[in-house]
2 protein chains.
Amino acid sequence: MGTPESDPAGGTPRTRRAKRPTMEDVAARVGVSRALVSVVFRDAPGASRETREKVLRAADELGYRPDSAARVLARSRSRILGVMLTVRNPFHADLVEAIYPEAEQVGYDILLSAHAPTRHSHKAIEALLGHRCEALILIGPETDPAFLTEVVRQVPVVSVGRRFPDTGVETVHTAEAKGVRQAVDHLVALGHRDIVHIDGSRGAGSAERRRGYRKAMRGHGLAEAARVLPGDHTEESGAAAARRLLDEGTMPTAVLAGNDRCAIGFLDAVSRAGVHVPGDVSLVGYDDIPIARLSHIELTTVRQNVPRMAALSVRTALNRLEDPGRAPQEAVLTPELIVRGTTAPPRTRD
Amino acid sequence: MGTPESDPAGGTPRTRRAKRPTMEDVAARVGVSRALVSVVFRDAPGASRETREKVLRAADELGYRPDSAARVLARSRSRILGVMLTVRNPFHADLVEAIYPEAEQVGYDILLSAHAPTRHSHKAIEALLGHRCEALILIGPETDPAFLTEVVRQVPVVSVGRRFPDTGVETVHTAEAKGVRQAVDHLVALGHRDIVHIDGSRGAGSAERRRGYRKAMRGHGLAEAARVLPGDHTEESGAAAARRLLDEGTMPTAVLAGNDRCAIGFLDAVSRAGVHVPGDVSLVGYDDIPIARLSHIELTTVRQNVPRMAALSVRTALNRLEDPGRAPQEAVLTPELIVRGTTAPPRTRD
DNA sequence: AACGGAAACTAGAGCGCTCTACTAGAGCGC
DNA sequence: GCGCTCTAGTAGAGCGCTCTAGTTTCCGTT
C-alpha cells in the first residue's frame with residue numbers, strides 16, 4: 001500500500017503536481033481533529049500553546065496553506081473588501097498602496113479588479129461581487145449611476161473622488177474648491193492676475209475644480225480674467241493647451257492645470273518651446289502624484305491627503321457594514337497646497 | 001410565516017441587506033433542480049433552449065449571481081490565473097490590460113495582486129496561491145529565486161521580463177540585446193559616435209540591455225566610446241544623469257536610456273536647461289509606454305510587443321498546466337525600434 | 001405496440017473550510 | 001465526595017456550487 005506520509009513530498013516527482021494538502025492532512029499528521037487545526041489557523045481561543053506549535057510545524061512541513069475559497073464559503077462574512085481601480089492611473093496606484101495596510105489592520109483582505117479600456121467597470125464590479133466582497137471601494141469610478149444604485153442594494157459602495165448623489169453610494173473626496181482656492185490665492189499673492197484653468201472635463205473632481213476656480217477668481221475681483229481651456233486628465237491635454245496658448249499668443253502668466261498629469265504635459269510642451277517655468281509662466285497642478293516631486297519637475301500642486309483617503313474609505317465601508325441603516329456618508333478632506341518650484345511672481349512687462 | 005417569495009425583494013427594506021440568492025432560489029422559482037440551473041450557468045449541454053431562458057430570466061429577477069468561492073471550491077480546477085504586478089508601473093498596467101482579454105478567451109478569470117512598497121511580493125504571491133490560482137503570471141518580479149523555487153513546486157509560474165534560471169520558472173521576455181542593437185545602429189547610422197547608456201541597475205532586463213549596449217558599440221568599433229552611467233528605471237535617475245552630464249560638461253551626442261521613464265526624466269531635465277532634443281542631443285528610450293507616444297514627447301524608443309507578451313504569458317501558463325512534465329520554456333520576443341522625434345543627426349561641430 | 005436511444009432533467013456526494021454544540025477532564029471550594 | 005467552572009478538544013452540519021451516475025420523457029422505428 002505504501003505509507004500515506006511519503007505521498008505529498010514525493011508523489012510522481014515532476015510529472016504530476018502533488019494535490020495540495022488540506023486541513024485534514026495537517027490534522028492527521030498531528031493526530032488531532034480538523035476543527036482544532038481550524039482553531040489554530042484562525043487564531044481562535046481553544047488550543048494549547050503546545051498544540052498550536054505542533055499544528056503550525058506540521059502545516060509547514062506539509063506546505064499547507066488555507067484555501068481562501070473554502071474559507072470564504074464556510075464563513076458567513078468573507079472579510080474581503082473589493083477595490084476597483086484604473087490600472088493606468090498613478091493616483092489610483094497611490095491609493096491602492098495605502099489601502100492595503102489599512103485593510104489588513106482591520107482584518108480584511110483586498111481583492112483588486114481593474115477597470116481598463118479593455119474591461120468595462122461593470123465587469124470589474126461584477127467580478128468583485130461574485131467573489132463575495134463585503135463592500136466595494138471604487139476609485140474614481142466612471143460608472144453609470146443607475147448601475148451603482150443596483151449594486152448598493154447588495155453591498156456597501158464607497159466612491160473615492162467622485163460623488164454619486166442620491167444613489168446610496170458613500171463618498172470620500174477632497175474639498176476641491178478649497179484646494180483650487182489655495183492655488184489661486186497663492187498665485188494672486190505672487191502678483192498674477194491672468195490665470196488660466198485647464199479643465200478636466202469628466203475626470204473625477206473636475207467639475208468642482210472648475211467651479212472653485214471661477215469662484216476664487218471672482219473672490220479676487222478677477223471674474224473678467226477667468227479663462228477655462230478645454231482639456232482632460234491626461235498629459236496630452238496639457239500639451240495641447242500649451243500649444244494652443246503658444247499659437248494664439250495668449251499665454252497667461254499662470255496656469256492652473258486640471259491635475260498633475262495635465263500639468264506635466266503642459267510643462268513639457270512649453271519647456272520644449274523655450275518658454276520657461278516659472279520664469280515666463282507659473283504652473284500649478286493637482287493631486288501631488290509621485291512624479292510631481294521629482295527634482296526636475298518640482299511641481300507646485302494641490303496635495304490630496306492619500307493616506308487619509310485610504311483610511312477613510314476603509315472606515316466608511318466598515319461603518320456602513322456595521323450599521324446598514326445609516327444614511328450614506330460623505331467624507332470631505334482638506335487638500336494642501338504644496339509650493340515647489342513651478343510658481344513665481346510674474347515677469348514684469350515693461 | 002409570509003410567502004417565501006416576498007422575502008428577497010422586500011425583506012427589512014434598508015436596514016438589513018437581503019441575503020444573496022443562491023442557485024437553490026433560482027431553481028425553486030423556475031421549478032427545476034439546482035443541478036439544471038448549474039448547467040445553464042455553466043453553459044453546459046443538457047438544458048433545452050426554453051429552460052435556459054426561463055432560468056436566466058428568473059435569475060435576473062432575483063438578482064442572482066454565481067458565487068465564485070463556491071464555484072472554485074466545487075470545481076477541481078479553479079480556472080483562475082493569478083497576476084502579480086507593481087501597481088505603479090505603467091508598463092505593468094499595459095500588460096495587465098492586455099492579459100484580461102487573453103485570459104477571457106481561454107475561459108480563465110484573472111486575479112490581481114499588487115506588489116508595492118507596503119506589500120512584499122511574497123505576500124502578494126501567497127494571496128494568489130491561497131485563492132487557488134492554477135498558475136501565476138508575475139510581471140517583472142523582484143522576488144527571491146529561492147522562494148520562487150518553492151512556489152513552482154505547487155503551481156506553474158511565468159515570469160514576464162525577468163529570467164530565473166534553474167528555478168523552473170517559465171519566462172516571457174524581450175530580446176533586449178536585439179532592441180538595444182537596433183537603437184545603437186540607428187544612432188550610428190545618423191552619425192553618432194558618442195553614445196551614452198544610462199543603466200537600469202536591477203530593473204527587469206537591464207543587465208541584458210547593458211551587455212547589449214556594450215556589444216553593439218563594439219560591433220561598430222566604438223568600444224572605447226562606450227560609457228555607462230549609473231541609474232535605474234525611474235524618471236529621477238534620468239534627470240540625475242542629465243544633471244551630471246550637464247555639470248561635467250560631458251554631454252554626448254546621443255543617450256540610450258534604461259527605459260522610457262528614465263528617458264523622460266532625462267528629456268525633461270535637459271529641456272529645462274535649454275538643451276534641445278534632438279538638436280543638441282538625441283535620445284532613445286525603451287518600452288514604448290503610452291506617454292512616449294504623446295505629441296510633446298515623441299520619444300524614439302524600443303517597443304516591447306505587449307500584446308504578444310500578454311498572449312504568450314497566458315499560453316505558456318496553460319501549456320505547462322496541460323503538460324506539467326515539460327521543461328520550463330523561455331519565450332523571447334523581438335522588439336521593434338520606433339523612430340519618433342527625439343533622434344536626429346548630431347549637430348556638426350565646427 | 002413495443003423498443004431503442006438521445007435529450008432533458010434529477011439525486012446526492014463531495015470540495016475544504018467554519019462554527020455551534022457538545023464531551024472529557026482538570027482544578028477547586030466546601 | 002459533590003457540584004462547579006474552565007480549558008482543550010471533537011463531532012458534524014452546513015456554506016453554494018459542480019459533476020457523476022442515474023432516471024424520465026419523448027421521439028422515430030420496425
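Just so it is clear, the model here is predicted, and its values are computed rather than measured. Protein chains get the first letters and strands the later ones, always in sequence-line order, with residue 1 at the start of each.
- Checking the phosphate oxygens (OP1, OP2) of dC15(C), no side-chain nitrogen or oxygen of Lys19(A) falls inside 4.0 Å.
- Using a 3.5 Å distance cut-off with no hydrogens or angles, the side chains of Ser113(B) and Arg119(B) do pair a donor with an acceptor.
- Between the CZ atom of Arg77(A) and the C1' atom of dC17(C) there is a distance of 18 Å, rounded to whole Å.
- Minimum atom distance to the side chain of Leu73(A) is reached by dC15(D), of the listed dT18(C), dC15(D), dT10(D).
- Rounded to whole Å, the distance from CZ on Arg71(B) to C1' on dC15(D) is 16 Å.
- The residue Ser76(A) sits apart from the nucleic acid: no heavy atom pair falls under 4.0 Å.
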| What's the verdict on side chain to side chain contact (heavy atoms under 4.5 Å, CB included) for Arg65(A) and Gln154(B), showing C-alpha distance, side-chain angles and the deciding distance? | CA-CA 11 Å; Arg65(A) 185 192 320 279; Gln154(B) 301 163 53; 2.8 Å; yes
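- Here the side chain of Ser121(A) pairs no donor or acceptor atom with the backbone of Thr143(A) at under 3.5 angstrom.
- Atom CD in Glu50(B) sits roughly 8 Å away from atom P in dC9(C) (whole-Å rounding).
- Checking dG9(D), dG16(C), dA8(C) against the side-chain heavy atoms of Ser48(B) singles out dA8(C) as nearest.
- The side chain of Ala74(B) lies closest to dG14(C), out of dG14(C), dA8(C), dT18(C).
- Note: CZ (Arg65(B)) to P (dC15(D)) measures 20 Å, nearest angstrom.
- For Ala35(B), the listed nucleotide lying nearest its side chain is dC19(D); candidates were dT10(D), dC19(D), dC17(C).
- The listed nucleotides are dC19(D), dT10(D), dT18(C); the one nearest the side chain of Leu36(A) is dT10(D).
- A straight line from CZ of Arg49(B) to P of dA8(C) spans 11 Å, rounded to a whole angstrom.
- When the P atom of dT20(C) is taken as reference, atom CZ of Arg75(A) falls 13 Å away, rounded to whole Å.
- Looking at the side chain of Tyr64(B), the nearest of the listed nucleotides dC17(D), dG16(D), dC17(C) is dC17(D).
- Residue Asp67(B) contributes atom CG, which lies 16 Å from atom P of dC17(C) at whole-angstrom precision.
- Both Arg34(A) and Ala70(B) sit near DNA chain C, but only Ala70(B) has its closest nucleotide nearer the 5' end.
- Taking the six-membered ring where tryptophan is involved, the planes of Tyr64(B) and Phe41(B) are perpendicular, since the angle between them exceeds 60° and thus also 30°.
- Taking the six-membered ring where tryptophan is involved, the planes of His131(A) and His131(B) are perpendicular, since the angle between them exceeds 60° and thus also 30°.
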